[in-house]
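Heads up: numbering here begins at 1 and tracks the sequence. What you are looking at is a predicted structure, and each value in this text was computed from that prediction instead of being measured. Each ligand, and each atom within it, is numbered from 1 in the order the structure gives.
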Amino acid sequence: MLRNARLVLPHKVVEDAALLVTEGRIARIWERAGGEDAQADELLELDSATIFPGFIDVHIHGAVGVDTLTATADDLHKVAHFLAKQGVTGWLPTLVPAPDEDYARAVEAIAQLMREQAARPPAARAVGVHYEGPFVNRAQCGALRLPYFRSYHTPADVAQLPVVADAPRMITVAPEIEGGIELVRELTARGWIVSIGHTRADVATLDAALALGARHMTHFFNAMSPLHHRAPGPIGWGLTSDDVTCDLIADGVHTDPLMLRLALRCKTHERLLLISDAVAPTGLGDGTYKIWDEQISVVNGRTQNERGSIAGSVSAMRDGVRLLHTLGVAPHKLARMTALNPARLLGVNDVCGSIELGKRADLTALDDEGRVRLTLIGGRVAHAEL
Ligand SMILES: [Zn+2]
């Protein structure tokens, strides 16, 4: 049982609350102190920390020196362990454009981790796989490697992408590339979650992609053509399309906080997700690192590759939570952006993503300074500083 906590429920925050976990699930919630019966096997006193539904990061390339593209299952578990310390309970290992054999090896490692993770020490659960590219716009490559970009010609181009069976698969595409609209049609027909990104698409192309099921946008504002009043492009379209959700890197580097405010005004917390877009050096501090065949320098928490591009972040979801908190975003809205909306995007919201009876006990407790005090994954303690 967790006691003496602030609980972030779907529509409100309750103080002095308690929560009972039985067999890995949320079994009871007491919205005020004193009512709980003390029959729990184990009692954790939260000292007024705030319990959020565990964070779910749908865009992350690695951490602690591990890159998802070259990782073994053991390496991925190291990332998962690090993520649990950051309050993340679910993650979608994300792959940059690469040759077929690299994709195949990486996805096999992810599949192996997913088969084994229930039996390993508790750590953030890998949920599936996210391909960032390879079907994206060369003119908005960001840190992605141009030689591995692809255009779309036949359904075999999609069928040959390795996936984890029966698990969410997400892909970031630019619908304006050669064959892009047919690509979106093929992907949604095969059950992919299609996200628009690394794009310079015009509004007509974006509308066509939406009509075929592309309802999400990847690191909104970043790696897309800028907003212009006579050419609204992906940003103008995304801000005004209520059927579209967007994810944001709120590390204070990728996007000016004022633009985060703009996104919040237009999309509200109901249609925004936080992501980290973290890369392998995350958790290692400033320095020079080699990833994706390039030297990447990290200086004061900002990444840069040899081409002068930002190369992902070295932040965690909780850093975004902290920044949005300073912008005045309420805890239950943060919970939407960090847990329920990602769970909905991945189609796992019946199992996790909010603090509700019967859902898996994937929980993250933060103190007033935003430090992670406790992470529970399926009711198991993955991290505790109590
Ligand atoms: Zn990325």
Thr172 and His198 side chains, donor-acceptor separation under 3.5 Å: no
Environment of the Zn ion (ligand 1) in terms of protein N/O/S atoms, cut-off under 2.8 Å: His59 NE2, His61 NE2, Glu132 OE1, Asp277 OD1
Aromatic ring pairing His59/His61, orientation class (parallel under 30°, perpendicular over 60°, tilted between): perpendicular
Output side-chain donor-acceptor pairs under 3.5 Å for residues 347-354, partner residues at least two apart or in another chain, one line each.
from   : atom 1 : to     : atom 2 : distance (Å)
Ser354 : OG     : Glu356 : OE2    : 2.5
Ser354 : OG     : Lys359 : NZ     : 2.7

Could you pull out all donor-acceptor pairs under 3.5 Å where a side-chain atom in residues 234-242 meets a protein atom, sequence neighbours excluded?
from   : atom 1 : to     : atom 2 : distance (Å)
Trp237 : NE1    : Asp207 : OD1    : 2.8
Thr240 : OG1    : Gly236 : O      : 2.7
Thr240 : OG1    : Trp237 : O      : 3.3
Ser241 : OG     : Trp237 : O      : 2.7

Residue pairs involving residues 136-150 (criterion side chain to side chain donor-acceptor pair (under 3.5 Å); sequence neighbours excluded): Asp100-Arg150, Asn137-Glu176, Gln140-Arg200, Arg145-Asp293
Test salt bridge (charged side-chain N to carboxylate O under 4.0 Å, His left out) applied to Glu15 and Arg32, step by step: CA-CA 7 Å; Glu15 311 281 340; Arg32 64 186 68 81; over 6 Å; no
